[in-house]
Amino acid sequence: AFSYDKGKLNAIQYIEADTVGAKGSGDIHISPDGKFLYASNRLKADGIAIFSINQEEGTLTKTGYQLTGIHPRNFIISRNGRYLLVACRDSNSIQVFERDSQTGLLKDTGKTIKTNKPVCLKFTFYQKQNESLYISFQELNMTFHSHFHLFCCGREKDRFTGLQFQ
């Protein structure tokens, strides 16, 4: 963690996300409520490190670790903060976790989206005319607060896959 003062970043904390020495940390995201930071780790003990954020000091406390599929490259948190989706490159899947908003911990839903070598995920949200903002993500049995597309960039022939959910 860093503080910013007069054009300079000053280190206020160093904390390890990768505790098995693989040096494979990849991606970080902060929950929509700003209370938790998540970091992907790969090469050994593939998973997502979970940290709470001290809102006053900006420091982190490790609160958990969630194992994932093989080689988690990128992940994304749904806009409502309820789900975290992980692109597991070598498992050829996007793994879906439910996020506890109080503890930040993740629960494997047992649901996956099979796709070739996913490495990057992005949501785009849209609203159809004269329709509710609530939709059912039927295949995975989830509810999001708008219609969305999930775009996935895969490492096989660098293809983009667009998935539309309504």
Side-chain angles (χ1 to χ4, degrees), residues 15-20 22 24-55 59-128 131-154 160-166:
I15 189 168
E16 289 186 5
D18 170 11
T19 58
V20 296
S25 294
D27 197 12
I28 63 171
H29 292 277
I30 295 174
S31 61
D33 61 11
K35 294 180 181 179
F36 298 96
L37 180 138
Y38 298 86
S40 64
N41 293 287
R42 52 189 185 249
L43 306 179
K44 290 182 185 175
D46 294 348
I48 304 288
I50 305 163
F51 300 90
S52 62
I53 301 172
N54 179 311
Q55 298 295 305
T59 54
L60 303 175
T61 301
K62 192 165 187 179
T63 58
Y65 195 87
Q66 177 64 54
L67 294 174
T68 65
I70 303 168
H71 208 90
R73 293 278 303 203
N74 174 246
F75 63 95
I76 191 166
I77 301 170
S78 64
R79 188 164 61 175
N80 64 8
R82 190 168 172 195
Y83 297 98
L84 186 144
L85 285 72
V86 183
C88 300
R89 186 191 73 186
D90 295 347
S91 295
N92 293 312
S93 64
I94 299 168
Q95 195 169 5
V96 181
F97 294 92
E98 190 166 3
R99 196 180 75 82
D100 184 308
S101 63
Q102 299 301 310
T103 66
L105 297 178
L106 303 175
K107 177 185 172 190
D108 189 349
T109 65
K111 308 290 185 179
T112 60
I113 301 166
K114 292 294 184 186
T115 189
N116 290 325
K117 304 284 185 193
V119 296
C120 186
L121 302 172
K122 297 291 178 194
F123 281 125
T124 63
F125 296 90
Y126 67 95
Q127 182 179 0
K128 288 190 171 183
E131 289 192 16
S132 163
L133 283 178
Y134 285 93
I135 58 115
S136 176
F137 191 173
Q138 294 173 343
E139 181 182 344
L140 298 177
N141 207 16
M142 293 185 241
T143 302
F144 286 89
H145 291 284
S146 62
H147 297 280
F148 69 95
H149 292 101
L150 172 63
F151 292 97
C152 173
C153 177
F160 284 94
T161 303
L163 307 168
Q164 180 175 329
F165 300 97
Q166 302 182 42

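Remark: Ser93 pairs with no residue by the side-chain hydrogen bond (donor to acceptor under 3.5 Å, both in side chains) rule, at least two apart or across chains. Listed by chain and residue number, nothing satisfies the ring-ring contact (aromatic ring centres under 6.0 Å, His included) test with Tyr38 (two or more places apart in sequence, or in another chain). Legend: residues meeting salt bridge (Lys or Arg N to Asp or Glu O under 4.0 Å) with Asp108, ordered by chain and number and at least two apart, are absent. Residues satisfying the side-chain hydrogen bond (donor to acceptor under 3.5 Å, both in side chains) test with Asp27, not counting sequence neighbours, are His29, Asn74. Evaluation of the side-chain contact (heavy atoms from CB on, under 4.5 Å) rule for Gln102 yields Asp100 as partners, not counting sequence neighbours. For Leu67, the side-chain contact (heavy atoms from CB on, under 4.5 Å) partners at least two apart in sequence or on another chain are Tyr65.
When all heavy atoms of Thr109 and Val96 are compared, the closest pair comes out as OG1-O, 2.8 Å. Across all their heavy atoms, Ala39 and Ala17 have their closest contact at CB-CB, 4.0 Å. For the pair Arg99 and Pro32, the tightest heavy-atom approach, listed with the atom from each and the gap, is NH2-CD, 4.4 Å. Minimum heavy-atom separation, Thr63 to Thr103: OG1-O, 4.1 Å. Here the closest non-hydrogen pair linking Lys62 and Phe51 is CA-CD2, 3.5 Å. Scanning both residues, Asp46 and Pro72, for their nearest heavy atoms gives CB-CD, 3.5 Å.
The backbone N or O of Gly34 lies less than 3.5 Å from a partner atom in the side chain of Gln55, making a donor-acceptor pair. Side-chain N or O atoms of Asn92 include one that pairs as donor or acceptor with a backbone N or O of Lys117 at under 3.5 Å.
Distance check, rounded to the nearest 0.5 Å: CD1 of Ile30 to CD1 of Ile77 gives 9.0 Å. Atom-to-atom distance recorded for Leu60:CG and Leu37:CG is 5.5 Å, nearest 0.5 angstrom.
Counting only heavy atoms from C-beta outward, the side chains of Ile70 and Ser91 approach each other to under 4.5 Å. The closest side-chain heavy-atom distance from Ile50 to Leu105 is below 4.5 Å. Inter-residue side-chain proximity for Tyr83 and Glu98 is flagged as met; some heavy-atom pair is nearer than 4.5 Å.
Among Thr68, Ile113, Leu85, the one residue that satisfies the side-chain contact (heavy atoms from CB on, under 4.5 Å) test with Gln95 is Thr68. Only one option out of Ile48, Leu121, Ile94 pairs with Phe75 in a side-chain contact (heavy atoms from CB on, under 4.5 Å); it is Ile48.
Other residues, nucleotides and ligands contribute at most 12 non-hydrogen atoms within 6.0 Å of the NZ atom of Lys35.
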